[in-house]
Each structure stands twice: as structure tokens, then as C-alpha cells.
Amino acid sequence: MCGIVGYIGTKKASPILIDGLLKLEYRGYDSAGISTMEHGYLSNMKDKGRVKNLYNLEGIDSLEGTIGIAHTRWATHGKPAKENSHPHMDNSNSFSVVHNGIIENYQELREFLTNNGYHFLSQTDTEIIPNLIHYYYTKLEGSNDKFLQAVHQACGDLKGSYAIEVLCKDEPETMIVARKDSPLVIGVGKEENYVSSDIPAILSYTKDFYLLNDGDLAKLSNTDISFYDSSLTPITKELKNIDWDVSACEKDGYEDFMLKEIYEQPKSIRETIGSRLKKNEKVNFEDIGFTKETLSKFNKIYLVACGTAMHAGLAVKPLLERLCHIPVIVDIASEFRYREPLIDANTLCIYISQSGETADTIAALKLSKKQGATTIAISNVIGSSITREADFTIYTHAGPEIAVASTKAYTSQITLLTLLTLYFAEVSESAPTDVISDIKDELLLLPEKITEVLKDDSKIKEFAHKVYEEKDIFFLGRGTDYTVSMEASLKLKEISYIHSEAYAAGELKHGPIALIENGITVIGILTDPTLVEKSVSNLQEVITRGAKTLIVTNQEINQTNYDEVITIPNTNPFISPILSIIPLQLFSYYISKEKGLDVDKPRNLAKSVTVE
Ligand code: F6R
């Protein structure tokens with residue numbers, strides 16, 4: 001989705017802004033632009049298309065300003081076009097604004113401004129913001145801190161979500177930023193400050209960050225940053241050091257971020273486990289600190305998320321129910337929030353979000369808090385919005401995930417949720433210790449076993465080469481293997497644009513088998529020893545009807561029945577999704593490469609979905 005970068009300091013701003021935008025490309029976008037302060041006027045350069053197109057814009061090289069704002073846009077209101085790209089300016093070219101989010105009452109505000117003599121050049125909701133600021137600014141003649149006050153008053157009129165950066169022609173040494181329900185961070189340098197919607201965009205310049213909360217505003221100069229809450233009362237903020245490695249945001253010799261992130265999984269799982277699990281010790285979630293009494297109060301657990309993060313919830317539901325004897329409902333955040341879910345003080349709601357900025361997941365969390373539930377956020381991004389709303393936060397520590405298609409975050413989410421399940425079971429003494437111990441031992445072995453899976457991807461690559469021109473590919477599995485099928489199918493759709501469905505193998509005969517015809521590709525996942533025979537029978541049914549099959553398994557099966565078999569190491573069936581998804585992540589990757597597609601930035605998709 002849209003990305004924001006800002007710079008105020010002593011260096012030429014435009015190269016820093018463009019560099020930041022390039023690092024935000026992974027979020028998905030359709031146009032880009034920058035605005036800088038040039039000898040008393042505001043320049044504004046933008047166009048639809050790629051960030052690198054900005055280099056071709058006439059005059060871009062001669063921008064000398066040391067203060068500027070920049071944006072990548074993912075169209076919501078108005079098609080991708082130069083006039084709809086950000087920055088947007090007011091009618092008098094006194095204010096320049098970039099905006100992430102959606103202004104829900106923009107029609108009403110546009111009408112108000114039109115009635116007050118303003119006109120509009122774009123179809124965007126954003127263009128009302130600089131004009132609204134101008135409207136208030138002119139009314140504040142003679143007041144102190146007009147710029148800050150005008151932005152504050154304009155924000156007061158906005159309904160919806162926003163992260164904005166604002167420049168004012170008459171106050172050339174100041175930038176004002178504000179946020180509500182859309183991320184924004186400020187990076188601190190020496191005699192310079194940076195702003196961004198995402199930490200990786202400015203991580204090569206600083207590791208010291210201030211995180212804005214909903215409703216906060218900040219006024220920046222080269223050397224100062226003042227913070228205000230939503231009533232414009234000055235507030236103080238804690239400076240946070242984010243110790244992500246800059247190289248973690250680079251490709252490090254890999255052709256694509258997705259491939260790099262797939263190969264990083266031994267490391268990311270190790271980081272997720274961190275100090276929470278040590279051999280022969282109890283699982284450590286001191287930061288949550290639930291007692292047996294607290295846990296006994298919960299009569300239901302919700303796992304709520306979107307997309308891949310929701311699939312991580314599905315993968316862990318069976319274990320959570322088995323070990324803790326509490327009903328677990330996995331729900332899609334965008335459905336949950338509008339369904340009046342049955343939540344009260346006896347409900348535990350766990351929200352899973354790599355970015356921590358997914359609008360539906362945040363809204364679902366707020367709803368459950370209002371209804372008295374205890375909330376836990378699982379996120380990969382330190383200080384992200386979801387972590388600031390939840391009662392408790394636990395981080396996956398998978399390192400920055402840049403490719404739009406989530407890979408290492410998914411396996412880290414399953415790992416962390418499994419650890420949390422074991423912790424609940426240990427605290428509430430709800431499961432036999434040998435069952436818990438076996439899963440703990442297997443978790444500690446995961447990094448090595450993932451390395452083994454990644455050792456040789458040649459069979460996967462070959463199979464991808466055979467089937468990349470297919471129109472439909474099906475995935476089958478039972479139990480946790482079915483949950484992996486769903487994730488594998490989503491991955492394939494996202495980056496290869498091949499139509500794909502995942503079915504619970506036992507459901508085949510209830511309809512989907514009608515789709516099976518000669519030559520169709522079916523991928524089976526067989527890792528649960530209690531279900532393997534049943535899945536084998538279902539696969540036989542599709543083979544009989546002419547399907548080509550690829551099997552991912554750690555079970556002893558008659559391999560000659562299938563076109564290709566990928567053998568993965570054995571593990572406890574409850575955590576096998578962490579291993580079985582890996583060849584299938586690679587499968588999607590190689591299909592996408594065979595088709596010559598942009599693996600890291602698939603069409604129409606954004607890394608973090610900050611609007612509904
Ligand atoms: C798929 C993918 C998406 C995200 C979903 C939730 O590869 O990345 O389905 O999982 O948009 O995003 P987060 O986890 O950031 O809330």
C-alpha cells in the first residue's frame with residue numbers, strides 16, 4: 001500500500017527521498033512523487049508508474065531543497081494517474097501533503113471546501129487535506145504556531161485513517177506530521193530527521209526512532225522534534241533503538257527478496273524461539289505472565305487475522321484445542337469485525353499480523369477490547385499499531401519481510417503460536433508432560449530440519465518447469481496438511497496468477513472432484529500418520545481420473561504412484577506445517593520465475609493492507 005518518506009536536515013533531500021521510496025517499493029504502488037522546498041516555493045514532481053521514473057522528470061536533478069516529502073501511491077480514490085499522485089497541493093500552492101489511508105468523509109469536506117471557493121484537480125480524497133489546512137491557516141491570522149494549529153484543526157475534521165506529512169511555503173524550516181490508524185515513524189539523525197511509514201525505508205540513515213500513536217502530531221525542524229496529542233497538548237516520547245540489520249533489508253546476493261526470505265527460515269525460526277524455549281526447561285512467556293487462574297477464566301479463544309497470518313492460526317488451532325481443551329475459533333478479521341462475535345471478559349482474542357498494520361485486524365482487536373476480551377498481538381514489526389492496542393504483545397522476531405508474499409513470517413507465526421500453546425498447557429497443567437516435551441524437542445530441531453529441506457530444490461524446480469503453463473492447480477490434505485494446502489494455494493495464486501484451490505481431501509467427493517480431468521495438477525501433502533492412508537485413497541481417486549501429482553511427505557508411501565515426491569524430515573505432526581510449506585513456497589517461487597513475473601511485487605497486491 002501507499003508509502004511515505006520525509007527528510008528535514010542539511011543535505012539535499014531529493015536523493016534521500018527517492019532512495020527511501022525505492023526501499024518502499026515492496027509495499028505495492030502505482031505512482032510516486034516528491035515535494036521539496038526550493039528557495040521559498042514548493043516544488044512538486046510526480047507521475048504514475050515506477051519510482052525510477054522520477055529520475056526522468058525534468059528538473060528533478062536541480063532540486064536543491066533540504067526539506068521534502070515523498071510518497072508511493074496505491075490507488076483507492078481515482079485511477080493511477082499523474083493528477084491523482086501525491087504530493088497534493090492546495091489551490092494557492094502554499095501547502096504540500098502526502099497521505100496514507102482513506103478519508104471517509106471526503107465528499108462532505110470537498111463540498112464544504114467547494115462552497116468556500118476551493119477547486120480540485122484530482123479525484124482523490126487526499127486533495128482536500130492541503131486545502132482544508134489552507135482554509136484554517138488563513139483563519140488563524142495573527143495566532144502563534146499557525147501551521148501546527150491549522151494541521152491540527154484540519155485533522156480534527158478528518159474521519160477515517162491517515163498518516164500525513166505537510167510542508168508549508170511560509171514556514172520553510174518546519175515539517176508537520178500526524179497519524180491516525182496508519183503507521184508513521186520518525187527517525188532521528190544528527191541535525192536531521194527522517195519520517196517514514198516503514199522503518200526499512202530509513203534504516204540505513206538511523207536506528208533511533210520515535211513511534212507516533214493514533215492522534216499524535218509532531219513538528220519537526222533539523223534539530224528539534226515536538227510531539228503533541230490529539231488535543232494539541234505537548235507530550236514526550238521515548239526514543240527506541242531498532243536493531244535490525246540494514247543488510248536484512250537488502251537482497252544479499254539472492255535474486256529476489258522472496259527467495260532470500262525462504263532461505264532465511266532456519267535463522268528466523270531460531271530467532272522466534274529465542275530464549276522462550278531451552279532444552280529441558282519450561283516455555284518462557286514472562287512478558288505475558290498468565291497464571292492457572294487467568295487461563296481457567298477463558299472459555300474460548302479466537303485467533304483472528306487475514307490471509308497468510310490467518311492460515312498460521314488455522315495451523316495451530318488443532319494443537320491449541322488438543323492441549324488446552326478450550327474451543328478455538330479461527331476467524332478472518334474482515335468477517336469477524338462485522339459479525340457481532342460473541343466475546344466477553346472470558347474470551348481470549350489473539351491477533352496475528354506480520355506488519356501489525358492490517359486495518360481489518362486492528363479494527364477487530366479494538367472491537368474485542370471494547371467487549372471486554374483479553375487481547376494478545378502477535379506481530380513482526382516492533383511498535384506497529386496492533387502492538388500498541390493489545391493488552392499483551394509478542395514478537396515473531398523473523399526480521400524484516402520485504403517480499404509481498406509472506407513466507408518466513410508464516411513459519412515464525414506458527415512457531416510462536418505453538419510456543420504460546422505449550423506455555424498455556426504448562427501453566428494450566430492441561431496436557432501430559434511427555435506430549436509437551438516431544439513438541440518442545442521437535443521445535444528445537446526445526447532450524448536444522450529446515451536447512452535439510454532447503455538443501456536441494458532441484459525436484460521442485462523441475463516440477464515447476466513442467467506445470468508452469470497450467471491454468472488450475474489443486475492442493476489436497478487433511479488436518480494440519482489441509483491448512484498447509486490453503487497457504488500453498490494462496491502463495492501460488494499471489495505470485496503466479498494461476499487459479500488454485502485447496503480442498504480438505506475428504507471433501508473431494510462432495511463436489512470438487514468434478515473439476516478433476518485428464519492432465520490436471522494435484523499437489524498432496526501427507527505428513528500426519530493418523531490420516532495418511534485416508535489421504536492416499538483420495539489421491540488415488542484423482543490419479544484414476546488422470547491427475548498429475550506432486551506429493552510432499554514425511555511418511556512411508558508407495559512413491560511410484562506419483563509423478564514426483566518431495567520427502568521432508570519427520571517431525572511432530574502438529575508442527576509439520578513449518579516444514580511442509582517450504583517446498584511449496586519454493587514451488588510458487590519457481591513457477592513465478594518460469595512465467596517471468598515480478599516475484600516480490602505481484603500485481604494488485606500490497607505488503608501491508610492499511611485500508612479495509
Ligand atoms: C500473503 C500475504 C497476505 C498477508 C495478509 C495479512 O502472502 O502476505 O495474505 O498475510 O495481508 O498481513 P499481516 O500479516 O501484515 O496482517
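In listed order, ligands and their atoms are each counted from 1.
- Taking a cutoff of 4.0 Å between a charged side-chain nitrogen and a carboxylate oxygen, Glu452 and Lys455 do not qualify as a salt bridge.
- Ring orientation note: the planes of Phe587 and Phe475 are nearly perpendicular, at an angle over 60° on the 30°/60° scale.
- Here is the list of ligand 1 atoms found below 4.0 Å of a heavy atom in Val404: 7 (O), 8 (O).
- Inclusion of Gln354 in the set of residues having an N or O under 3.5 Å from an N or O of ligand 1 is warranted.
- Near Lys491, meaning under 4.0 Å from any of its heavy atoms, are these atoms of ligand 1: 1 (C), 7 (O).
- Put simply, no part of Met310 is less than 4.0 Å from ligand 1, judged by heavy atoms.
- Given atom 15 (O) of ligand 1, the protein heavy atom at minimum distance is Ser355 OG, 2.6 Å.
- For ligand 1 and Ala309, the ligand atoms under 4.0 Å from any heavy atom of the residue are 10 (O), 14 (O).
- In summary, Asp208 and Lys240 do not engage in a salt bridge, as defined by a charged side-chain N under 4.0 Å from a carboxylate O.
- The closest protein non-hydrogen atom to atom 5 (C) of ligand 1 is Cys306 O, 3.6 Å.
- In this pair, His71 and His86 present their aromatic rings parallel. The plane angle is below 30°, not in the 30 to 60° band.
- Of the protein's heavy atoms, Thr308 N, 4.0 Å lies nearest to atom 3 (C) of ligand 1.
- Counting the atoms of ligand 1 from 1 in the order shown, those under 4.0 Å from a heavy atom of Ala405 are 7 (O).
- Remark: minimum distance from atom 12 (O) of ligand 1 to any protein heavy atom is reached at Thr358 OG1, 3.5 Å.
- Between Asp528 and Arg478, none of the side-chain N atoms (NZ, or NE/NH1/NH2) sits under 4.0 Å from a carboxylate O, so this pair counts as no salt bridge.
- Comparing Met258, Glu357, Glu494 by heavy-atom distance to atom 1 (C) of ligand 1, the nearest is Glu494.
- The aromatic rings of Phe290 and Phe392 stand perpendicular to each other, their planes meeting at an angle above 60°, with 30° marking the opposite boundary.
- At the shortest separation from atom 11 (O) of ligand 1 among protein heavy atoms lies Val609 CG2, 4.1 Å.
- Below 30°, between 30° and 60°, or above 60°: for His77 and Tyr106 the angle between ring planes is above 60°, a perpendicular geometry.
- With respect to the salt-bridge test (charged N to carboxylate O, under 4.0 angstrom), the residues Glu462 and Lys466 do not qualify.
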